[in-house]
Peer 1: 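One structure follows; several queries about it will come next.
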Amino acid sequence: MNKNITVRYFAGFREHAGVGEETVSLRAATAGDVYELLKDRHGSQEPLGHCKVAINDEMADWSTPVNDGDTVLLFPPVAGG
Amino acid sequence: MNKNITVRYFAGFREHAGVGEETVSLRAATAGDVYELLKDRHGSQEPLGHCKVAINDEMADWSTPVNDGDTVLLFPPVAGG
Amino acid sequence: MRIINSAIEPDKLRQLLTGDAAGAYVAFEGWIRNENEGQGVLRLEYEVYAPLAVKEGAKIIAEAREKYPILNAACVHREGLLEIGECAVWVGVTSAHRDEAFAACRFIIDEVKVRLPVWKKEYYVNGDSGWVNCERCAMHAQPERKVAG
Amino acid sequence: MRIINSAIEPDKLRQLLTGDAAGAYVAFEGWIRNENEGQGVLRLEYEVYAPLAVKEGAKIIAEAREKYPILNAACVHREGLLEIGECAVWVGVTSAHRDEAFAACRFIIDEVKVRLPVWKKEYYVNGDSGWVNCERCAMHAQPERKVAG
């Protein structure tokens, strides 16, 4: 069954997608599934381990389940400071 | 043969001697001799190794020879910062 | 932990950490420099996801307080476009003695650099640009790179 | 290396170290705190023999430049009477990356504390006073201590 997920893209991901946020209908069980299913949108070849994810403004793991209505934030590798 | 040595006392040494500087006539071969011969003036029981000495504004060792007319600076243990 | 889009003022921030028991203050600042990995840099753009950056930064500072007997610590990170010489990040720590201020300041900046949701895009002298730390996503994200380079 | 008898102004000193190649700035400040080894401190008096302190400080900074690939470094030490909270010593270092700025800043303050001809006399809440680091000379230098204590 598909879930409605709001996805937010950051930095390079956003530039590739051409939008900062969109709502998509996906057959995804985990945050990792969202990343994989949206490869064409964020365009990243980075391994999952290099990137980070948050769900509803809480840092999450790629194995964290996603629910209908969740907002999933896809973070490219960070470079603070 | 005695030498005329100008001695400068710092911090606790100066407080004990009651003067910052005085010229004394001493039978001293080295800076260490000056320290030992002036124990009553600077009043310190500190081992030589805890204190420092300079001659004519250059850092010196206790074994450095002193010459007639030299200025010997006697430094108690330091505590910068 | 704060994210701001105007100039960081270290002297004002330093005042916030003062206290009669503080004997040591250590500060780190990251400044925009004119070069990275051999390429001339003109300016940098910082993108920050502030809601989580603030949360994660506060967590890092709390961890530093647990690890080291410090008195106070704070961190401020810039967002937006920064020119060469500008301060991108500031960390300040106070403690009774200097050991723990040095250690905690180092801990905080190290963690900030790898944990905060912050991304920087470098604009190079040769006209290229690129997201730092993002080799394989940058290649895809910036087809204009090949055109410009 | 400078010895001054007015307030240290870290923000002005920091400006002297800027440069387009600098990516990291680390500063240390030693502040007068209200306690030392269990005794309440009211204020401190710093005696500095400036001619040699300046020479020795410059030597320490030159050593730091040889040991670490830093861009710039400086140190300022106060002399005279200082109140709680005042800055007694400031060290600032810039470099391309943070490792060497942290290491060199730590090196400089560690050396300054043991090599500069600087002495501090603490004035305690209970009326006593004493030269720090000078147990056996302080006892002799201050017969008034027993009277006051």
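Each chain gets a letter, A, B and so on, in the order its sequence line appears, and its residues count up from 1.
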Peer 1: Using a 4.5 angstrom heavy-atom cutoff, name the option from Glu56(C), Lys113(C), Arg115(C) with the most pairs to chain A.
Peer 2: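 The answer is Lys113(C).
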Peer 1: Taking all non-hydrogen atoms of both residues into account, name the closest pair between Asn133(C) and Val78(A) and its distance.
Peer 2: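 The pair with the smallest heavy-atom distance is ND2-O, 2.6 Å.
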Peer 1: For Val118(C), is it the side chain, the backbone, both or neither that has a heavy atom under 4.5 Å from a heavy atom of chain A?
Peer 2: both
Peer 1: Heavy atoms only: give me the nearest Gly81(A)-Tyr46(C) pair and the separation to one decimal.
Peer 2: O-OH, 2.6 Å
Peer 1: Sorted by first residue and then second, give each salt bridge (charged side-chain N to carboxylate O under 4.0 Å, His left out) pair with at least one member in residues 57-81 of chain A; sequence neighbours left out.
Peer 2: Glu58(A)-Lys55(C)
Peer 1: If you count the non-hydrogen atoms of other residues, nucleotides and ligands that lie under 6.0 Å from NZ in Lys67(C), is the total more than 12?
Peer 2: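 No.
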Peer 1: Got a second to check how far Arg8(A)'s CZ is from Tyr49(C)'s OH, nearest 0.5 Å?
Peer 2: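 Going from the CZ atom of Arg8(A) to the OH atom of Tyr49(C) covers 4.5 Å.
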Peer 1: Side chain from CB out, backbone as N, CA, C, O: work out which of these in Pro117(C) comes under 4.5 Å of a heavy atom of chain A, or both, or neither.
Peer 2: both
Peer 1: Quick check on Glu83(C): does its CD atom have over 12 non-hydrogen neighbours (other residues, nucleotides or ligands) under 6.0 Å away?
Peer 2: yes
Peer 1: Could you tell me which portion of Leu116(C) (side chain, backbone, both or neither) has an atom closer than 4.5 angstrom to a non-hydrogen atom of chain A?
Peer 2: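 Just the backbone, heavy atoms under 4.5 Å.
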Peer 1: What pair of heavy atoms forms the shortest contact from Trp119(C) to Pro77(A), and how long is it?
Peer 2: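 For Trp119(C) versus Pro77(A), the nearest heavy atoms are CD1-O, 3.2 Å.
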